[in-house]
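Quick notes on the structure that follows.
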Amino acid sequence: NEPVSQESCPLNPDGFTYWDNSYKTEEELVQILGDDLDMYGACDPSLCREIKGSDYPAIITVARYKKTGDLYILDVDMKKRRPKELIEAILTYCQKRKYKKFVIEANGFQELMAMELTRLSAERGIYVPIEPLKNTDSKEQRILWLEPLIEAKIIRFSKKHQMLLEQMRYFPKAKHDDGPDALQMVVRCCQQIKKETTIWIPLESGDDVIREMLKDNPGLQAEFDKAKEEEKKQYPYTGDPNRKYYGKQYDDTDDGEDD
């Protein structure tokens, strides 16, 4: 590859975040982040009828840190393989990494590979959580989708994956882009995971929320209003909502401070 200008290099590795600047080895990273890591994988197959001049089918493993959503690239395996060899390599990674999900492109002939992978994994008793992916956007659009996630330091690369970094640097003018394409596949899979959240509804607004939900049913709304009136009679000092949980023993004059 010839040197390219910065303008034609939107995914410049010089500005990437590298996890091996913070952790000496993968073992150290896994030990420190521990049980909060989930493994995800992806493969961008290519048709290798003739090994000479063919693409590099890419297998990529990403560890997702559940507390922050950060993604650590652990494996980048790009090697010219025939379909059977590629399937065997994927099965080996599945046994090693225990993926939560493994995404494989399933456009055209690749769908047959996904089916064969599923068949062989079942035959050998290897659990492979395969998710076939059919792409509709152009490859360039898909890969450029990574840019804001890279800039936000969500995707964390490793300096040891030089072939991937080279393909990223020269994209979209590189001769091969199997690595970046497999990367966007696994990142998209990880980005579909929703973080667990708790939604808090203020007590004072709860009645209004329920009334809004019942606005199309006047009968139920009337029953709700009647129940609220009965509650007020039962708990006359209803200015403090905690009273209904503590009953008559509740002292609403206690401010929690010692005399």
Side-chain angles (χ1 to χ4, degrees), residues 1 4 8-13 15-17 39-51 53-64 71-83 85-87 89-90 93-94 97 99-117 128-152 154-158 160-193:
N1 287 317
V4 295
S8 59
C9 182
L11 303 176
N12 189 346
F16 290 0
T17 301
M39 299 293 176
Y40 294 85
C43 176
D44 175 24
S46 62
L47 188 58
C48 299
R49 289 176 179 167
E50 297 294 336
I51 293 294
S54 63
D55 289 332
Y56 293 85
I59 303 171
I60 289 187
T61 301
V62 163
R64 180 180 182 272
L71 306 175
Y72 298 82
I73 303 174
L74 301 186
D75 298 315
V76 177
D77 186 341
M78 286 191 282
K79 181 180 178 181
K80 293 184 178 182
R81 294 181 171 103
R82 300 184 188 278
E85 296 171 335
L86 182 58
I87 289 173
I90 292 172
Y93 275 105
C94 287
R97 293 301 190 183
Y99 296 119
K100 296 278 286 187
K101 277 188 181 181
F102 189 89
V103 186
I104 183 168
E105 189 168 352
N107 289 29
F109 86 95
Q110 297 159 332
E111 186 172 7
L112 298 177
M113 283 192 62
M115 293 170 62
E116 179 65 5
L117 179 60
V128 183
I130 297 173
E131 183 171 305
L133 176 65
K134 292 189 177 182
N135 291 308
T136 55
D137 296 332
S138 70
K139 184 178 288 190
E140 184 170 344
Q141 286 179 312
R142 299 196 305 265
I143 294 174
L144 286 176
W145 174 83
L146 295 171
E147 188 174 9
L149 300 175
I150 294 172
E151 292 179 353
I154 293 173
I155 301 175
R156 307 195 173 198
F157 295 80
S158 173
K160 65 182 180 180
H161 301 142
Q162 286 300 312
M163 184 178 290
L164 171 65
L165 297 176
E166 181 177 347
Q167 290 187 3
M168 299 287 285
R169 179 183 295 280
Y170 293 104
F171 175 82
K173 297 185 176 181
K175 185 176 180 181
H176 301 285
D177 52 19
D178 309 271
D181 199 23
L183 178 60
Q184 65 82 21
M185 287 166 58
V186 70
V187 170
R188 269 201 290 171
C189 177
C190 292
Q191 290 297 103
Q192 291 172 0
I193 303 165

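Note that the structure is a prediction, hence the values are computed from the model and not measured. Throughout, residue positions are numbered sequentially from 1 according to the sequence presented.
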Worked check of side chain to side chain contact (heavy atoms under 4.5 Å, CB included) between His161 and Ile60:
CA-CA 11 Å; His161 301 142; Ile60 289 187; over 6 Å; no
So Leu71 and Ile73, side chain to side chain contact (heavy atoms under 4.5 Å, CB included) or not? Walk me through it.
CA-CA 7 Å; Leu71 306 175; Ile73 303 174; over 6 Å; no
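When every heavy atom of Ala174 is checked against every heavy atom of Gln167, the shortest pair comes out as CB-O, 4.1 Å. Listed here is the closest heavy atom pair of Ile59 and Cys43: CG1-SG, 4.2 Å. A pairwise comparison of heavy atoms in Ala42 and Ala182 identifies CB-O, 3.6 Å as the closest pair.
Leu74 has its side chain within reach of Arg97: a pair of non-hydrogen atoms, C-beta onward, lies under 4.5 Å apart. Thr61 places none of its side-chain heavy atoms less than 4.5 Å from the side chain of Asp77. The shortest side-chain heavy-atom distance between Pro129 and Lys100 does not fall under the 4.5 Å cut-off. Counting heavy atoms from C-beta on, the side chains of Met78 and Leu164 come closer than 4.5 Å.
Here Ile104 contributes atom CD1 and Glu111 contributes atom CD; the two are 10.5 Å apart, rounded to the nearest 0.5 Å. Between Met113 atom CE and Leu86 atom CG the span is 4.0 Å, to the nearest 0.5 Å. Here the CD-CD1 distance, from Gln184 to Ile155, works out to 10.0 Å after rounding to the nearest 0.5 Å. Distance CG/Asp177 to CD1/Ile143: 4.5 Å, rounded to 0.5 Å. Taking OH of Tyr170 as the start and CG of Leu11 as the end, the distance is 14.0 Å to the nearest 0.5 Å. Interatomic distance, Trp145 CH2 to Leu183 CG, rounded to the nearest 0.5 Å: 9.0 Å.
In terms of modelled atom types and a separation under 3.5 Å, the side chain of Glu166 and the main chain of Met163 share no donor-acceptor contact. Judged purely by atom type and a 3.5 angstrom limit, Ser138 uses its side chain to pair as donor or acceptor with the backbone of Gln141. A donor-acceptor distance shorter than 3.5 angstrom exists from the side chain of Asp178 to the backbone of Tyr56, with no hydrogens or angles considered. Side chain of Arg142 to main chain of Asp137: a donor-acceptor pair is present (N/O by atom type, distance under 3.5 Å, no hydrogens or angles).
Other residues, nucleotides and ligands contribute more than 12 heavy atoms inside 6.0 Å of the NZ atom of Lys160.
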